[in-house]
Amino acid sequence: MSVNLKQGPFEPLIIAFCCNWCSYAGGDLAGTGRMTYPANVRVIRVPCSSCVSSNFILRAFQRGADGVVVAGCHPGDCHYTSGNYFARRRFLLLQRFLEFLGMEPERFQVHWISASEGNRFAAVMTETTEKIRALGPNRKLRDTR
Amino acid sequence: MKKITKEKLALFWELLARRATLYLPLQEDGVVNFAPWKNGARVNLRENSLVPPKNVFFPQAETYLRFQTGAKKLQLESLEPEEEFILFGVRPCDVASFTILDKVFLEEPVDGLYAKRRRLGTLVSLGCNEPGETCFCTSFELEPAFAPGADVMVWDMGEFLLWEAQSEKGDELTAKINELLDEAAPEESASALSLRNTTAAGEAAAGCQQEWNTAGLQEVLRGKFNVELWEKLYHRCLGCGICTYLCPTCHCFDIQDFSRGLEGERFRCWDSCMFAEFTLMASGENPRPTQKERVRQRFLHKLLYFPSKYGLYACVGCGRCVRKCPVHLDITQVMEPIK
Amino acid sequence: MKITRDNLCSSIVKEIAEISGENVAGCYQCGKCTAACPVNTVMDILPHQVLRFLQLGLVEALLNCNTIWICASCFTCAGRCPRGVDLPGIMEALRLILLRKRGFSRIKAGVIPRVADKGMPEQALVSAFRKYTR
Amino acid sequence: MRFSYYPGCTLKTTAALLENSALKAARALGIELIEQEKWQCCGAVFPLAALEIAPFLSSVRSLAAAKDTGEKLVTICAACYHVLKRANHVMKTDRDVCTKANNYLQLPEQYRGGTEVIHYLELLRDEVGFPTLARKVKKPLTGRKIAAFYGCLLLRPPAVMQFDNAENPSIMEDFLHALGAAAVDYPYRTECCGVYLSVQNEEIVAEMVAKIINSALSHGAEAIVDACPLCHYNLLELQKKTPQGKSTLPVYYFTELLEEALDLKDKVEEKMAF
Amino acid sequence: MKRIGVFVCWCGTNIANTVNIEAVTEAAGKMPGVVYAGNYKYMCSEIGQSKIKSAIIREKLDRFVVASCSPRMHESTFRKTAAAAGLNPYLVEIANIREHCSWVHKNKGEATAKAIALIRAAVAKAARDKELWATQIPVEHRALVIGGGIGGIQAALDIADAGFEVDLVERTPSIGGHMAQLDKTFPTLDCSACILTPKMGEAASHPKITLYTYSEVEKVDGYVGNFEATIRKKARSVDLEKCTGCGICWEKCPSRVKSEFDEALSMRKAIYIPFPQAVPNVPVIDRASCRWFTREKCGICRKTCPAGAVNFDQEDEVLQKKYGAIVVATGFDVLDLDDFGEYSYGKHPDVLTSLEFERILNSSGPTGGRLLRPSNQSPPKNVVFIQCVGSRDKSRGKPYCSKICCMYSAKHVILFKEKYPEAQAYVFYIDIRTAGKDFEEFHRRAVEEYGALYLKGSAGKVFPDGDKLLVKGVDSLSGHALEIEADMVVLATAIKAKSDAPQLARLLGISTDTHAFFMEAHPKLRPVEAHTAGIFLAGACQGPKDIPETVSQASGAAAKAIVLLSKENLLSDPCVSEVNESLCTGCLACIKVCPYSAITEKTIEEKIHGKALQRRVAEVNVALCQGCGSCTVSCRPGAVNLKGFTNEQIMAEVDAICL
Amino acid sequence: MKQLSERIKEAAFGSLSSGQVEMVIGWQKGPLWWQSFPAFITDPGETASLIWDPFSVSNLNKYLLNEVPKKKIALFLKGCDALGFNQLLRDGRVEREKVLLFGIPCDGLVDPARVEATGLSKGLLQVKKEREELVFYYKEGQRKAPARDFYYSKCLSCRYPNPVTCDEMLGEAVPCQPLERFANVSKLEAASLEERFTYWSRHFSRCIRCFACRNVCPACSCRECIFDIAEPRWLGKAKESGETLFYHITRAYHVAGRCVDCGECARICPLGIPLAELNRKFIKDINELYGEYDAGADLDKEAPLLTFKSDDPDVSA
């Protein structure tokens, strides 16, 4: 059963697509540094933020995610040189489009987190979880089945 | 014959809706479609709906089975429609479409979901006052202002609606809402008949451009499977599903599963012979590889295969496809050269 | 001198940061502000020292110095600061703290007729009032 | 060429000379400066405190009014230029302040920094062009050695003002060259004149002014030009009180020279019919 | 049906303390496709791995999931385990329940639930794993070194000494770089030329090194082990073979231009060698200032050349060569001081940058080593050195420390004082940074033996004041604003990346940091490698460095290149993109987003409805593809898929996590 | 207009009879006044049936995807069609040398719904355009009205009435005075989140997934559409608001930076969903964020989603 259908107070489900080279490693560093953040966040490892298709993001929302984070290397630092630059364009447009359709913009966030920013990783995930918790469950893009 | 004055309509809808779910032609963003009536909804009795009311009996998608798989066992739960409803304002052509759908779904093997909905629903037809530009129901010997298959027949006489029950279900409904109905004066009742005559005449008259002689069409089409005309016709088809989805008689469907982890549900949903994937087989083979075969299938199915099997054309002349086909692949026109 | 955490993060230090929008930790004491300042000779606390005092939490001394009143907001320091610290903004914050809290005025009413008579431009009077009073 | 024009308080009183000469020259150069209706005082100083919005609301109103006409907003007074340009910068870059200012002002249309604020000197350089100006000069100031004084308000903070190279500006020198004069380069031309300190601490200002004047003199200047009423006052009045005693370097507004070079100086202005 | 095994690691107490191992194992056992789930204290240990191996055989597992630490830690370990048990190593997935779970959550219930979700995702992904096979790529045994400064020279020599061919490409007419411009080097005060020139000669005469001076790399294609570079040898207009370097031509040449080598402090001719020890010692005609080329008159050099080496008709030569490895050693530039008008640089001849000062000190420099004021050729008595001009300046300059200025300023003080013992040196500094062998001692000598006055503070403005310079500054320690009357002012100008570094980075497919220095693959563990395999970095092109650091990094880069060049073949990562040709529409958007030019178009023929049809589709070069997956997103119908991270797999992960 | 239709016939006849092309795609007229539809002619003798009238709205170039010509195909392009053609060219779906393009300057086409809304459609037999006016023919006689009053709204904001590419122009270029095309998008942008959501859910709830918007789109030219692919099945077939949203978001997103703003999606939607506004939101954002870009107008300009600048605006976190 999806996290947000459980009994009790609303607990958001947040899916984070993290690029292997920066953000996933930043997540690892958050772990090695024992920096806590809410367990609501579940990370999917991808090679690069440019590898995250809008399809996955929409799919996550359909299947019950309350928030989606895409995290990649800082612009200019992409392991693959330019992937995050393309991702930045794709996601900025998608973000603005979703907002145009009436989705809360907070639900889909993009962050640049380097391998050395374990604290930032934890902070972003904490902050995102809190924001989404405050927003309540995603009802707009969700599959109701 | 009964009547109800138009001022009472708002009350009337409310009363009906209290008895059962009430489907009415509602207008939203300039588009008229059948939908459950809610207070404040804008009822449009002038125009026919864009999407045919078949979706009330045969929804675009409906879940009928839930399943859950464990390590060993599979649990199933079937779902059935339970809700009684009234479908008000169906035009006689669309009422006739149910006769066609009944042939498909109610003959053995009977389609349980459709059958149940037919039982649960009461059909109130609204006669047409004026034929539309693309109407050609008379081509199929239908009457624009009279639907024998409806439970209740209603005519819009301007100030009031005339109401006549035509079946047991119709009588029951009439009894339930009798408080709002008045007896129609004899001359008022008679006006319904004259309306029937004038509209029928209107449509059949030369003024209506869609008069299409279907006599002997079935025979003509036999053996026209491989004529060169199809080669010419199909080109402009875009392969979209507008014609089939807006057709009151098209009834093809697909069955799909939706699952999340170990549980899920099975549903059926409209499909269209215009789509390339419609006949695509798992092997990758497609017996109707191009739009030519698909266009031919659609026309021949309506005008040859169906009548051959069931004895009536699978078209009621509602004109929706003529009106909405983006490239005007007009059923009334394309048959002419074949003939 | 005793330095305590309370001094370093006193509410007034925070208030200065809030009013000026500047982070005094950005300053690494290169002194370029002082070197650039056209009125540094008549200041009792030099511009770079103002930042150092703030880093040390020594606000009281700053509120009693003449520097903040002498700073003419010429922005030479801000334009050259390698750390992008807006010192005139901090000076303004220090002035505002005094002007807001005590409601005092730095300007003596007596000077007005004298200077106004000399054809001093409105601009000078308005700026003086804006800087010296509330 | 048509522009919105923001005069400011000082130009209407103590610095009328600056305005009159500027407007006269503008007409002669075929530039239409349309004075804004109901302009309000810019406040003379830009509020440096991050939390203060109220003091520059009047500037925003002027900026928004200029946007409505779709014209660039011309200022002549250096202080007004400084305040309006900085206010505009904030409106353009600080969303938060921008929202607050808009909420407060309740303008018919949101203002987000769309107006371009330019100084009269920029008008001459970018819209008229110094070469064109040079061609229009009737009485070139040939042989005159003049030191330009920039002061603070036009140049700093450089990141916001972007008026010219803040440490090494040339616009006034280029202007002087266009008028046929020789521009004197001297190190103190971008220093502060002491601004409003003259109200309370005249002696400090006198010392600052002395440095400037002496520097200009020692580099051979015969006159000094400026673009700011306050600099003008300080340079003109306080050089008399310099510690070294009276010095006699004449001080002009740049527009006075412009007027002179265009040969408008003694002409009585024809009434413009509007 | 797949047969998936799940192995949950306790990681001692690291995981087990926060995650209920038993509950997780039980839940994993019920997941679709899972036929076995077990757990062990240390899965990565020998015993743990052998447990996995035996389970693979016993339970006939065809793939497995390890729930343990980060895949960045042990993915390769468990892939080897799989291979050892006869499974394809790419049939392994890792669920990171340590770094991403047990270590960052405190509540055991929540952590357990999350661990289960992560394993569910890994299982869903594993179920869609396919066998993947690495391919072998042959290696071209030749290296390309770009940049002929001390870094490039050192790297070339090291690689060549290991027995591999090296091509050294230098843009200017001579190798030597900035080091050739220096007078002495800190902290030993060795003569720079004395230690550099032999190296230059060695490089020129090494049988394995080919010098391409006055040449530029125009294009680099290919991939690790198989780069293909296009090198443009600009027309020198002088025949390298015939020229004897006698110097008659440049003596006679009538065109005078500012010398780049002397930082524009002296003039050179249109036909010139940049400096006396240039290698090759063959002049080049600067066509932009040569009268023959600009006015078609003159030709004196051609007439006077005794060897007949001058050739006006020489044309650029374009070479294409293959290389296995590339070393980038393109060095640095110094910051442009346009934004720092307060120092009067460019307005007054006695205000110099350190590099200009270096040339004035140099015996082969514009003054023949006599340290005189450029304004009036008189000996300076007071020299003010200002450090951090543009360095550590996030407003107008560069936020970083240029690293070498403290030391060379001390050197300049010493050299100045050696020449003029009676004179005074002043140094404005913000902080003194002397981390390095003998550096602090050197700095103290400048202060204590040579009496330089070090002033902690900054100079605010340099005013030309008569024939002097008035420096207004501050001594922040005493709290005094200062005025110093100086004869010369020397600005320690920030080091910056070469202005065309971003273009070179694009050309090579490597990345730059925010200041356009080339990025190393890892700041600590892979400091000499670029992100792109087969490309190595040496010297200041990667960040400010002094000579010994540059040389050691160059040797490091050379060592890395040698490792690569000594292999016959390389194995490529099989996680690369592939194109489903039947879905591919041929729009080729993927080509546009591929950072490695790994996708090309090809024409295929297929039969559609009986008609033979040719159409274009995309094709991935598996050797070039680095597996970023950008192409997969650019492909609307999803015809391009990244092996190991297919659309199906990521979608399955999403679905599984959302349960 | 008459002249133009004559020229169309001539061009068609000429190119077919000379053997230059093997097929001409143009428009023919149906019996009803608004029925003008694509026609595929291979016989020079049939070219006389080709027409050009205020209802020749169908974009012909997408049909090129179905045809595998040995020789060339001749095609008539309006301004919007030419942009679409260029997009197909850019996507590698047509070969320029396999088509002969006749350009048609077009200042706007008539929306039958607007005619109906005015009541002029009753008994209407034929509509013709004469200069700036429409002439409505009835049994009883005729009526006239300014043509622009009846144009599709997409035509009123058309910025490329004259084809940007063709082999031969038939007719004089027409002037262009487009209305602001982002007015609706801006209006929606100014609405609250909930208002926007209500607006779009109401519209999307009508969607029957006939895919006409996709099938007509010159930027939707995939051989197999992501929505049709069964494995993996991205788009489910249920009538679920989530699925419908996925469809509309993804459709618009896939044509972002590629949409030529021909407005066909919205015109063709039987349920009247304002689909073009979705595309225009992307166009507007792209123009604002990455500089003006008109897909199909300039083949040398890099598509905005296939390029980047290192100082592009950041994704707001």
Side-chain angles (χ1 to χ4, degrees), chain E residues 124 128 502-503 505-506 511-516 580-595 599 601-618 630-641 646-655 658, chain F residues 62 64-70 86-95 97-98 214 217-236 242 246-247 249-259 295 299-311 314:
Chain E
R128 289 154 182 89
Q503 286 93 289
R506 276 229 138 178
S511 39
T512 54
D513 65 18
T514 43
H515 312 301
N580 176 345
E581 288 176 0
S582 74
L583 279 183
C584 178
T585 300
C587 76
L588 306 181
C590 46
I591 291 183
K592 296 273 167 60
V593 301
C594 179
I599 308 180
E601 66 170 289
K602 74 167 179 188
T603 304
I604 56 165
E605 200 174 279
E606 65 180 15
K607 278 202 160 173
I608 293 178
H609 317 319
K611 290 182 216 161
L613 178 75
Q614 285 201 330
R615 62 184 182 93
R616 72 176 193 190
V617 292
S630 193
C631 50
T632 63
V633 179
S634 74
C635 183
R636 294 177 292 279
V640 195
N641 238 327
T646 60
N647 284 331
E648 292 82 349
Q649 284 182 307
I650 299 180
M651 188 162 119
E653 279 184 276
V654 169
D655 286 0
C658 287
Chain F
K62 250 206 120 172
L64 291 171
L65 305 189
N66 306 333
E67 307 299 333
V68 192
K70 287 193 200 70
N86 268 346
Q87 188 55 42
L88 288 172
L89 203 58
R90 166 164 271 189
D91 290 334
R93 299 296 275 129
V94 292
E95 290 175 66
E97 49 292 354
K98 290 270 178 153
R214 171 196 71 184
C217 174
C220 283
S221 60
C222 289
R223 298 182 74 240
E224 224 175 303
C225 176
I226 178 173
F227 302 124
D228 296 337
I229 293 168
E231 195 55 45
R233 183 159 278 293
W234 293 106
L235 177 67
F246 179 87
Y247 171 71
I249 294 171
T250 307
R251 185 199 65 80
Y253 195 53
H254 277 193
V255 299
R258 304 170 61 253
C259 166
L299 285 174
D300 294 328
K301 222 166 163 183
E302 204 66 79
L305 278 174
L306 299 181
T307 184
F308 64 85
K309 289 202 192 92
S310 56
D311 59 350
D314 202 0

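Proteins come first, then strands; the chains are lettered A, B, ... in the order of their sequence lines, and each starts at number 1.
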Measuring heavy-atom distances to chain E, does F/F308 have an atom under 4.5 Å in its side chain, in its backbone, in both, or in neither?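 Just the side chain, heavy atoms under 4.5 Å.
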Pick one of side chain, backbone, both or neither for F/R258, based on which atoms fall under 4.5 Å of a heavy atom in chain E.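 F/R258 touches chain E through side-chain heavy atoms alone.
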Distance-minimising heavy-atom pair for F/P232 and E/M651: CB-CE, 3.7 Å
Taking NZ in F/K301 as the centre, count heavy atoms belonging to other residues, nucleotides or ligands within less than 6.0 Å. Is the count above 12?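 Yes.
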CD on E/E581 to CZ on F/R223, rounded to 0.5 Å: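 Rounded to the nearest 0.5 Å, the CZ-CD separation comes out at 10.0 Å.
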Distance in Å, F/E224 CD paired with E/C584 SG, rounded so as to fall on 0.5 Å steps: 12.0 Å
What option among E/P502, E/S634, E/G638, E/A589 has the most heavy-atom pairs under 4.5 Å with chain F? E/A589
Can you check whether F/T307 reaches E/K592 side chain to side chain, under 4.5 Å on heavy atoms? no
Can you confirm whether F/D91 sits close enough to E/R636 that some side-chain heavy atom of one is under 4.5 Å from a side-chain heavy atom of the other?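 In short, these two side chains touch, coming nearer than 4.5 Å.
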Looking only at F/E231, F/R90, F/E302, most heavy-atom pairs under 4.5 Å shared with chain E are made by F/E302
Pick whichever of F/L306, F/I226, F/I229 has the most heavy-atom pairs under 4.5 Å with chain E. F/L306
Which atoms of E/C590 approach chain F - backbone, side chain, both or neither, heavy atom under 4.5 Å: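 For E/C590, no heavy atom lies under 4.5 Å from chain F.
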